[in-house]
Each structure stands twice: as structure tokens, then as C-alpha cells.
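Values below: all heavy atoms of this structure, side chains included; hydrogens, waters and symmetry mates excluded. Because the structure is a prediction, the values reported are computed rather than measured. Here is the naming used below: chain letters follow the sequence lines, and residue numbers restart at 1 for every chain.
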2 protein chains.
Amino acid sequence: MKKSRQPTINDVAREAGVSKKTVSRVINRSPLLNEETRAKVEAVIARLGYVPNPQARALALRRNFLIGVVHDNPNAQTVLRVQRGILEVLRGTEFELVVRPVDRGSPTMLEDVRAFLERQRLFGVVLLPPISENDALAELCDSIGCRYVRMGSAQLDDPDHMVASNDREAVKEAVTYLIEMGHRHIGLVQGPHGFRSAMERRAGFEDALEAAGIPHPKSLVADGNYTFDSGFQAGVRLLDLLPRPTAIFCSNDEMAAGVLHVARQRGLDVPGDLSILGFDDTTLAAHIWPPLTTVRWPVSSMARSAALKLVGGLDGDAVEEPSMFLSTLIRRASVAPPRG
Amino acid sequence: MKKSRQPTINDVAREAGVSKKTVSRVINRSPLLNEETRAKVEAVIARLGYVPNPQARALALRRNFLIGVVHDNPNAQTVLRVQRGILEVLRGTEFELVVRPVDRGSPTMLEDVRAFLERQRLFGVVLLPPISENDALAELCDSIGCRYVRMGSAQLDDPDHMVASNDREAVKEAVTYLIEMGHRHIGLVQGPHGFRSAMERRAGFEDALEAAGIPHPKSLVADGNYTFDSGFQAGVRLLDLLPRPTAIFCSNDEMAAGVLHVARQRGLDVPGDLSILGFDDTTLAAHIWPPLTTVRWPVSSMARSAALKLVGGLDGDAVEEPSMFLSTLIRRASVAPPRG
DNA sequence: TTGCGCATTGCACAGGTGTGCAAGGTGACA
DNA sequence: TGTCACCTTGCACACCTGTGCAATGCGCAA
């Protein structure tokens with residue numbers, strides 16, 4: 001062996017006695033190809049251990065074999081579950097995963113993302129909530145020609161570019177469960193304003209109360225921003241109320257943990273004195289005490305589906321990936337009928 | 001404008017009336033360059049909004065401007081903290097972050113990583129524990145010519161390629177704290193066999209007991225594998241002992257949460273009946289009740305330093321990044337003197 | 001004026017793959 | 001046998017940047 005470098009498409013072509021173009025067709029599974037030629041070339045490829053150079057492909061195709069995760073999601077668990085879901089799909093393919101956090105507050109956010117997408121020529125991106133709710137971002141992807149899938153709690157305008165979950169219905173079911181247990185005085189710790197997930201979950205909460213004919217005064221609604229600390233603050237406010245709510249629904253698990261801390265500090269028994277209901281089913285939910293009754297947000301499945309929507313259909317047959325995923329109630333120990 | 005494409009180095013060269021090479025020198029900050037020419041070229045670059053094409057650069061340089069995270073770490077929190085730390089350093093640079101989980105158990109693991117590194121031609125990788133302890137992996141990076149930094153709890157053989165923390169001393173200090181509070185019957189939930197972090201933490205535990213002249217029978221040591229469930233199992237075993245330990249040190253927070261669950265199920269008061277000490281200081285530690293006394297593993301700082309070791313020193317002056325980081329005891333509410 | 005050294009610049013090719021278009025080959029049919 | 005259509009293949013160039021080495025220009029001394 002004169003050359004210690006990795007074999008190139010030229011080496012394969014020479015060895016196989018065909019042209020580069022033909023080798024290229026073999027690699028890219030062109031149907032316009034004699035079966036015999038294909039077999040011959042494939043044998044040489046296997047013998048030389050040839051692997052196409054991704055950098056050269058990226059240059060020639062003007063497209064990189066990279067999938068991006070663009071997010072501003074504060075929840076570590078969620079972000080990592082999405083990554084894992086995508087990586088599961090990408091494993092064994094030529095795609096790699098690149099992570100790109102953005103700052104929703106920054107005035108240059110859109111320009112930053114544009115620069116990122118244009119420079120890196122990503123094959124596609126998965127947009128996590130809440131940034132996925134930004135329509136300008138989706139339009140940006142469209143205009144650049146970058147495939148994208150938005151994850152969200154929204155309705156399904158465009159199944160090709162969206163995977164969603166039925167948060168509203170799931171929350172309605174969960175809160176109905178509280179009502180059926182006898183709770184009438186139920187607090188809500190809602191997510192930040194402007195987040196669709198927060199709106200959907202609040203709507204589900206209200207749906208349940210309305211269906212049961214239970215009034216829901218403003219005082220029973222506390223603001224949160226999906227963090228533990230904001231949950232703690234909201235818990236302080238709600239548990240100061242007289243009469244005290246007998247149950248609290250929190251729009252995510254971290255805030256539920258915050259409320260639980262307040263209950264502990266006040267010596268309240270959970271679920272005896274207070275039932276707590278969360279949302280997400282992060283590992284935190286199962287690891288705190290008592291184990292948290294929560295709504296499982298099927299984020300891993302959604303991420304897998306998103307990835308398949310991006311890279312699927314490349315081997316010819318376009319697989320129809322589901323776009324709607326069901327959040328389901330997970331019953332643990334943090335909910336019980338109210339005392340008395 | 002005839003061409004709607006992005007400007008290339010040729011456009012810049014033509015506009016500026018110089019050759020490609022000269023433009024290239026401006027971009028790559030070559031010192032062999034007339035100051036006047038540099039200014040002229042930079043003006044054209046700014047006017048055209050020229051940005052070098054990363055794909056073409058990757059091909060020509062045979063090196064991609066990507067930093068990889070190679071890991072098999074089961075802890076979501078840890079993985080994400082590392083990512084965040086690295087991304088903090090990479091923000092504003094031309095580098096992107098690509099994530100690559102591996103399967104330590106797989107017989108083809110090393111080959112997989114080799115293929116990944118050779119194909120993608122990463123600029124550098126950060127190796128997370130426990131896979132970072134694999135010497136063959138480090139040698140592989142060396143032989144391929146891929147820069148790397150190992151994160152670990154190990155001693156510092158090679159500061160250029162390693163960032164480490166003083167787990168052993170930190171644990172010794174933490175367990176000494178338990179002893180000073182009056183605990184004499186202290187359990188250990190150790191990490192999985194073959195993990196250096198597990199060894200170091202166990203060694204620190206034993207150091208403290210030996211220094212205080214306290215015997216430590218095998219029965220007080222339970223095996224774990226850094227998961228909540230294994231912590232739970234270990235907790236069951238330790239809390240079945242007679243006499244029951246008055247304190248338990250767990251080699252990470254998740255296992256500590258598992259032990260806490262066992263204590264709750266048995267109606268034990270923490271820290272009244274049982275003190276629990278964790279390691280890592282993940283958010284879980286602060287979010288469970290009672291807040292967990294734990295050792296803060298400075299993983300974010302370590303990750304930042306690792307990233308700087310990889311990409312630093314490119315602008316001329318090589319910055320000396322620290323390689324050793326101090327884990328420190330965080331005192332919360334899960335530790336108290338034993339009763340009686 | 002010539003020669004020399006130094007600072008600066010440019011040519012031409014490398015890096016590896018994809019593709020438009022034209023050419024080559026083959027079989028069928030009149 | 002000639003013609004035509006169709007299937008298969010190959011050439012040459014595009015994609016964009018980096019670099020070895022030669023060339024250019026300039027000042028200065030002999």
C-alpha cells in the first residue's frame with residue numbers, strides 16, 4: 001500500500017474499473033444502475049473499507065448530515081430526553097446530533113439562529129418548546145431550506161412539521177380525577193405567560209372545573225415559571241389562603257416539588273392535608289417523597305417521531321410518523337381524598 | 001447582484017483586488033501581511049458580509065470545527081451540566097457541539113468511536129466519566145490526532161488532557177463531618193465496581209473512618225450502580241441491619257434519594273433517625289425533602305475548563321486552565337447528630 | 001547600475017464528492 | 001440491416017478554502 005490515507009471514491013472507481021459517477025450512484029442508491037455493476041462496486045467498497053467523506057459530501061451537496069436541537073427549554077430532564085430520543089433514531093445512520101441552545105430574550109436570537117443554520121447547513125432541526133412556538137423561527141427554516149419539526153402542546157396545523165401532545169385533555173382528565181376524589185378547592189400553579197404549554201394546561205384545568213360546575217376564583221391561580229423556586233413561591237401564596245386548597249395542580253413537576261417543600265415546612269401531610277399533582281413525569285416525580293402523581297408527557301416518543309420525520313423517507317418509502325401523542329395520568333402517592 | 005448565493009472568498013478577493021491566498025491570510029490572522037492590505041480586505045469582508053464556508057474549510061483542513069462530547073454517563077443532570085459548560089465556552093466561536101453517547105458494554109465500542117472520530121474529523125472531544133477512564137480511548141484519540149480532555153476523579157497524570165476533582169478528600173471531609181456530629185455507625189452505598197469515582201469516594205469514606213479510629217465492617221457497605229433503584233435496594237439492606245446505621249453516605253445523590261425513600265417507607269425521620277449524605281449536588285439534592293447535605297461536584301467548571309483546554313490557545317496566547325477542581329461539602333438538612 | 005535580502009503576494013493545485021449533459025451500448029421492430 | 005428508443009455509463013466541472021513554492025516589489029549597499 002503506497003497510500004496510508006483512507007480510500008476515496010477515486011480508489012474505488014479505479015479498482016472497480018468504473019467511473020466516479022457510477023460509484024456515487026451505488027452509494028446514493030440510484031435506481032438507474034445495472035445490478036451487476038452495483039454488485040461489483042459494492043464488493044470493492046467492502047474490500048477497501050471505503051466510507052464516503054462527510055466533509056466532501058457536505059461541500060458538494062451544500063448540506064450537512066447534522067441534525068440540530070434548537071431550544072431554550074429550562075428543564076434539563078426534558079432537553080436530555082429529547083436528545084436521547086433523537087439519538088436513538090440517528091444511531092447507525094450517518095447523521096450526528098448538534099446541540100444549540102438559544103436565548104429567547106435576546107433581540108438577536110433570530111439572527112443568531114439564521115447564521116447558525118446558514119453556516120452549518122444543517123440537514124434539519126428539532127425545535128423544542130417554548131421556542132418552537134415562535135412562528136418566525138419556523139418561517140426562517142422554511143426560507144433557508146432547512147427541514148424542521150416543532151415539538152409542542154399545540155394543535156396540529158401541519159403534521160409534517162409538528163409533533164404535539166394533548167396536554168389540555170390530559171390535564172382535564174387529571175384534574176377530574178382530583179374532583180372525583182372529592183376535592184372542590186383546587187389550586188393551580190400555572191406556567192409562564194406566553195407559553196402555549198402553560199395556556200393549554202391551564203385550559204385543561206378550567207375545563208375540568210367547569211365540567212363539574214366548580215367555580216374557580218382568580219385567587220386560586222398562582223403564577224410560576226416552571227422552576228422549583230417559582231413553585232415554592234406559588235406554594236407559599238396558595239397555602240396562605242383561607243380556606244386552604246385541599247389540592248394543587250402544578251403545570252410541571254419541578255414546581256410541584258417546590259409546592260411540596262412549602263407543605264413540608266408547614267408540617268402539612270401530603271397527601272393527607274394536601275394533594276399535589278404535577279406534569280411531565282420527570283425522574284424527579286418518582287424520586288421525591290411521596291412519589292408524585294403526575295401527567296406523563298411522552299417527550300421521548302415525540303422526539304423519536306420528530307427525528308424520523310426529519311431523516312425518514314430517505315430510503316425511498318416515506319414512513320408515516322404519528323404527530324399526536326397522548327399524555328397520560330400516572331397515579332402515585334401524592335394524591336388522596338381530602339380529609340373530612 | 002447577479003448571484004444570490006452567499007459571497008465566497010473569490011468574491012472578496014476580486015472586490016479587494018487581491019488573491020484568495022491573501023484573503024485567507026486575513027481570515028487566519030497570518031502575521032506576514034501588510035497592515036494596509038489587511039484593512040482593505042477586512043473592509044470588503046465586512047461590506048459583503050462574507051463568512052467562510054465551514055464545509056469547505058473542513059474539507060481543506062481535514063478537520064471539522066466541532067467539539068464532541070463522548071459519554072456513557074447515566075446521569076442526565078451531569079451530562080447536561082457538561083454540555084452547558086462547554087457551550088458557554090463555545091458561544092460566539094465558530095465551534096459547534098456534537099453529542100455522542102456510547103455503550104461501554106458493547107464489544108465494538110472502541111471501533112464505533114474510532115469510526116466516529118475518523119469520519120467526522122472532530123476538532124476535539126471531551127470524555128465524561130466513566131468512559132473517560134478507558135485508557136484505550138485516550139490512546140485512540142492520540143493516534144487519530146483528535147484533541148481530547150478527560151474528566152474524572154483521578155489523579156493528574158497529564159494536565160493538558162485531564163480535568164479532575166478531589167473526590168477522595170472531599171468525601172473524607174464530609175464523612176468526618178458526620179463523625180464529628182457523633183455518628184459511629186455509618187453505612188456506605190458505593191458506586192459500581194470498576195468506576196474510579198466509586199473507588200475514590202469509597203477511599204475517602206475509609207480515610208475518614210480510619211483517621212477517627214472507627215472500624216468499618218463489610219456489612220456496612222452496600223453495592224449500588226448510581227441509580228435511584230440501586231440506592232433503594234442498598235437502603236433496604238442497610239436499614240435492615242441491627243444495630244441500624246445512624247448515617248449513610250451515598251456515592252451519588254440519586255442513590256441517596258433511593259435510601260431516603262426506604263427511610264420514608266419505614267417511617268424513619270430524616271435526619272432524626274437517619275442522616276443521609278449524598279454526592280454531586282444535582283438539582284435533585286435541593287428539591288427533595290429534607291434538602292440533601294451533599295458534596296458539590298464542580299462539573300460545570302470542569303466542563304468549561306475542558307472546553308477551554310480544547311479550543312483555547314488558538315488566538316495566540318495559550319491560557320493556562322486549571323486542571324484540579326475542589327468538591328466541597330454543602331450542608332443542608334439531611335444530616336444531624338444521632339439521637340441519644 | 002547591479003545584486004542581494006527581505007517583506008509581501010499570487011498561482012495552481014489539493015481536498016473528496018455530486019451532477020448536467022452527452023455518449024455509449026443493447027435490443028426490438030420494420 | 002437500419003433506425004429508434006431506452007438503459008447505462010463517463011467526462012469535466014462545480015462546491016469553497018488552504019497552502020507550497022515561486023514570483024514580485026522594494027530598499028539598500030557595492
Side-chain angles (χ1 to χ4, degrees), chain A residues 2-42 44-45 48-66 94 118-121 123 145 314, chain B residues 2-42 44-45 48-66 94 118-121 123 145 314:
Chain A
K2 282 200 316 195
K3 316 181 177 181
S4 63
R5 328 171 321 231
Q6 309 200 5
T8 75
I9 198 171
N10 290 307
D11 301 326
V12 174
R14 195 180 337 105
E15 289 281 319
V18 299
S19 77
K20 271 171 32 179
K21 172 98 186 186
T22 301
V23 179
S24 173
R25 270 189 277 254
V26 172
I27 294 165
N28 298 311
R29 328 216 160 182
S30 162
L32 319 161
L33 196 54
N34 189 328
E35 205 44 58
E36 197 177 333
T37 313
R38 179 191 304 277
K40 184 174 64 180
V41 173
E42 275 176 350
V44 175
I45 287 177
L48 296 185
Y50 166 72
V51 183
N53 178 313
Q55 286 76 44
R57 294 191 80 183
L59 179 59
L61 288 171
R62 282 175 288 287
R63 189 201 313 147
N64 230 321
F65 281 48
L66 297 175
E94 58 195 328
E118 281 192 342
R119 279 171 52 79
Q120 298 301 325
R121 315 241 179 157
F123 185 89
L314 297 181
Chain B
K2 281 200 315 196
K3 315 180 180 181
S4 65
R5 329 169 321 230
Q6 308 200 6
T8 74
I9 197 172
N10 289 308
D11 301 327
V12 175
R14 195 180 337 103
E15 289 282 320
V18 298
S19 77
K20 271 169 34 179
K21 173 95 184 188
T22 301
V23 178
S24 172
R25 271 189 277 255
V26 171
I27 294 164
N28 299 309
R29 328 215 161 182
S30 162
L32 319 161
L33 195 55
N34 189 327
E35 204 43 59
E36 198 178 333
T37 313
R38 178 191 306 276
K40 182 175 63 181
V41 172
E42 275 176 349
V44 175
I45 288 178
L48 296 185
Y50 166 71
V51 183
N53 178 312
Q55 287 77 43
R57 274 168 63 100
L59 178 60
L61 289 172
R62 282 174 287 288
R63 189 204 313 147
N64 232 320
F65 281 48
L66 297 175
E94 58 196 326
E118 281 191 343
R119 279 170 52 78
Q120 298 301 327
R121 314 236 182 162
F123 185 89
L314 297 182

| task | Indicate, with a heavy-atom threshold strictly under 4.0 Å, whether A/Asn10 touches base, sugar-phosphate, or nothing. | result | base
| A/Asn28 and A/Arg57: side chain donor to acceptor below 3.5 Å | yes
For nucleotides 22-27 of chain C, print each protein N/O atom paired with a nucleotide N/O atom at under 3.5 Å, atom names and distance only.
none

| query | Roughly how far apart are A/Asn64 CG and A/Leu59 CG, rounded to 0.5 Å? | reply | 10.0 Å
| query | Can you check the A/Phe65 CZ to C/dT17 C1' distance for me, whole Å? | reply | 11 Å
| Can you tell me how far the CG atom of B/Asp11 sits from the NZ atom of B/Lys20, to the nearest 0.5 Å? | 11.5 Å
| side-chain N/O B/Ser19 vs C/dG10 OP1/OP2, d < 4.0 Å | yes
| query | Within this structure, what is the CZ-to-P distance between A/Arg121 and C/dG18, rounded to whole angstrom? | reply | 16 Å
| said: Just to be sure I understand the rule, does B/Val18 reach a base, reach only the sugar-phosphate, or reach nothing, if contact means heavy atoms closer than 4.0 Å? | reply: sugar-phosphate
| Under 3.5 Å, is there a donor-acceptor pair between the side chain of A/Gln55 and the main chain of B/Ala56? | no
| query | Quick one: how far along DNA chain D does chain A reach, first to last nucleotide 5' to 3', anything under 4.0 Å to a heavy atom? | reply | D/dT8 to D/dC16
| In whole angstroms, how far is the P atom of C/dG15 from the CZ atom of B/Arg63? | 16 Å
| remark: The residue, B/Gly17 or B/Lys20, whose nearest nucleotide of DNA chain C is more 5′ is B/Gly17
| request: Calculate the interatomic distance between B/Ile27 atom CD1 and C/dT9 atom C1'; express it in whole Å. | output: 16 Å
| query | Are side-chain heavy atoms of A/Arg121 and B/Asn53 found at a separation under 4.5 Å? | reply | yes
| Rounded to the nearest 0.5 Å, what separation is found between the CD1 atom of B/Ile27 and the CZ atom of B/Arg38? | 11.5 Å
| task | Please work out if A/Ser24 contacts a base, only the sugar-phosphate, or nothing of the nucleic acid, heavy-atom cut-off 4.0 Å. | result | base
| note | The answer to which of B/Ala56 and A/Leu61 contacts DNA chain C further toward the 5' end, by nearest nucleotide, is B/Ala56
| Going from OG1 on A/Thr8 to CG on A/Leu48, what distance comes out if it is rounded to the nearest 0.5 angstrom? | 9.5 Å
| task | Could you check whether A/Leu59 gets within reach of a base, just the sugar-phosphate, or nothing at all, counting any heavy atom under 4.0 Å? | result | base
| task | Check step by step if side-chain contact (heavy atoms from CB on, under 4.5 Å) holds for B/Gln6 and B/Val51. | result | CA-CA 8 Å; B/Gln6 308 200 6; B/Val51 183; 5.5 Å; no
| Contact class for A/Arg25 vs. all strands (heavy atom < 4.0 Å): base, sugar-phosphate, or nothing? | base
| said: Between P on C/dG18 and CG on A/Asn64, what's the gap in Å once rounded to a whole number? | reply: 13 Å
| request: Round to the nearest Å and state the distance from B/Asn34 atom CG to C/dC6 atom P. | output: 18 Å
| Want to settle it: does B/Val51 or A/Thr22 sit nearer the 5' end of DNA chain D, counting the closest nucleotide to each? | A/Thr22
| Gap between atom CD of B/Glu15 and atom OH of B/Tyr50 - 0.5 Å precision | 14.0 Å
| field | Close side-chain approach of A/Lys40 to A/Val18, heavy-atom, < 4.5 Å | value | yes
| said: Distance check needed: C/dT19 P versus A/Lys21 NZ, whole Å only. | reply: 7 Å
